[in-house]
Amino acid sequence: MLRSKLKVVIELVLPERCLVCGRFGASIHPECLDELPRADGVRCVRCWAPSSVSELGALCDRCAEHDQPEGLDALRTSFRFAGIARRSIIEAKFRGVTTLFEPLSSALVNEVQWSWQPDVVVPIPLAAARRRRRGFNQSERIAERLAEAHGLPLRLDLLERARETDAQATLDAEQRQQNIRGAFVARDVAGLRVLLIDDVTTTGATLNEAARVLRAAGAMRVFGLAIARED
Ligand SMILES: [Zn+2]
Ligand SMILES: [Zn+2]
């Protein structure tokens with residue numbers, strides 16, 4: 001307790017140091033964002049998985065099996081969850097260096113595709129107990145920035161956590177899907193094009209389950225954004 005109070009005091013007194021270059025003045029300088037590993041290369045236009053199909057704008061083999069997406073219509077991330085991108089997200093989320101959300105989210109602003117035309121921005125909700133323990137919801141922090149940049153309403157009332165789930169990190173793809181099933185409830189989304197926000201995505205299980213629930217509640221389209229994807 002005392003240690004964490006001390007940390008807060010130190011952070012208030014000392015100027016910020018850039019996580020990339022170590023110079024003072026920002027949690028990450030705008031120009032230092034270029035050092036983070038981009039989610040580049042050829043990727044599936046729907047699920048954003050690195051694709052062996054060499055053609056740009058193509059679906060991966062898995063997505064090509066379904067005419068209609070069951071979850072997200074499309075997903076984009078700025079970075080790969082590796083190197084300094086991974087470190088920044090961990091520092092922001094688990095060590096409370098929340099000023100990092102600003103530069104990380106600003107990188108996401110341009111990932112909104114022209115064809116998406118979203119009506120609302122919706123963060124992946126945390127269960128109330130977890131949100132209290134952490135003091136914030138990381139997805140909400142990112143969503144605030146996206147909503148502001150695109151002049152869209154941030155809606156925290158459309159998607160709720162129905163139950164707490166085990167942390168996804170140690171689970172394999174199938175377990176993740178089972179673990180997250182039934183974790184969300186959606187309301188009042190009929191006819192809306194939703195921009196759904198998470199911090200990190202691995203198999204896409206969380207975003208796709210939330211998208212499935214939003215779709216079942218009448219959402220017209222659901223597009224996903226996350227800062228980083230674990231390839
Ligand atoms: Zn820097
Ligand atoms: Zn795909």
Side-chain angles (χ1 to χ4, degrees), residues 46-48 68-79 89 92-93 96 98-165 168 176-177 179-202 204-229:
R46 189 184 291 167
C47 75
W48 205 232
Q68 292 298 319
E70 293 175 317
L72 293 172
D73 284 282
L75 170 67
R76 292 293 181 274
T77 74
S78 297
F79 306 113
I89 292 169
K93 188 170 163 181
T98 53
T99 48
L100 282 165
F101 285 120
E102 169 59 29
L104 291 171
S105 311
S106 71
L108 258 188
V109 168
N110 293 328
E111 302 292 342
V112 177
Q113 307 294 298
W114 179 84
S115 61
W116 292 2
Q117 303 287 323
D119 302 303
V120 288
V121 182
V122 174
I124 292 288
L126 285 182
R130 187 166 292 174
R131 192 186 191 290
R132 262 199 310 277
R133 273 200 303 278
R134 189 169 292 162
F136 60 89
N137 172 1
Q138 65 280 1
S139 305
E140 200 178 306
R141 290 291 175 94
I142 303 161
E144 279 168 7
R145 177 79 176 85
L146 266 294
E148 189 190 283
H150 286 275
L152 293 167
L154 174 72
R155 296 288 300 269
L156 307 179
D157 56 326
L158 302 181
L159 186 67
E160 274 178 34
R161 200 89 178 189
R163 60 175 177 84
E164 176 119 50
T165 47
Q168 296 274 73
R176 279 171 196 247
Q177 218 165 22
N179 182 44
I180 203 77
R181 194 86 183 174
F184 303 109
V185 240
R187 66 175 66 84
D188 300 332
V189 291
L192 292 180
R193 301 169 72 94
V194 178
L195 183 59
L196 192 58
I197 310 289
D198 205 354
D199 57 336
V200 178
T201 176
T202 304
T206 303
L207 281 164
N208 278 312
E209 171 64 8
R212 189 186 67 77
V213 170
L214 285 162
R215 218 178 260 285
M220 191 161 69
R221 292 270 185 276
V222 187
F223 304 99
L225 282 183
I227 289 171
R229 180 182 193 282

Exercise. Per the side chain to side chain contact (heavy atoms under 4.5 Å, CB included) rule, which among Val194, Val189, Val121 passes with Leu158?
Worked result: Val189
Approximate separation, where rounding is to 0.5 Å, of [X] [atom1] and [Y] [atom2]:
X      : Y      : atom1 : atom2 : value
Glu209 : Leu214 : CD    : CG    : 10.0 Å
Leu225 : Leu195 : CG    : CG    : 5.0 Å
Leu196 : Leu146 : CG    : CG    : 11.0 Å
Thr206 : Arg176 : OG1   : CZ    : 8.0 Å
Arg145 : Arg141 : CZ    : CZ    : 14.0 Å

Exercise. Do the charged groups of Arg215 and Asp73 touch, with an N to O distance under 4.0 Å?
Worked result: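 Salt bridge: yes.
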Exercise. Any side-chain heavy atom of Leu156 sitting closer than 4.5 Å to one from Pro125?
Worked result: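 Answer no - side chains too far apart.
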For this session: Would you indicate whether the side-chain heavy atoms of Arg131 and Glu140 approach each other to under 4.5 Å?
Result: yes
For this session: Heavy atoms only: give me the nearest Ser105-Ile227 pair and the separation to one decimal.
Result: N-CD1, 4.5 Å
Problem set entry | Least distance between heavy atoms, Leu152 atom then Pro118 atom | CD2-O, 3.3 Å
Any sub-3.5 Å donor-acceptor pair from [X]'s side-chain atoms to [Y]'s backbone N or O?
X      : Y      : result
Arg229 : Gly204 : no
Asn208 : Leu72  : yes
Arg193 : Gln117 : yes
Asn137 : Ile124 : yes

For this session: Measure the acute angle between the ring planes of Phe223 and Trp116, then classify it against the limits of 30° and 60° as parallel, tilted or perpendicular.
Result: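 Ring orientation, 0 to 90° scale: parallel.
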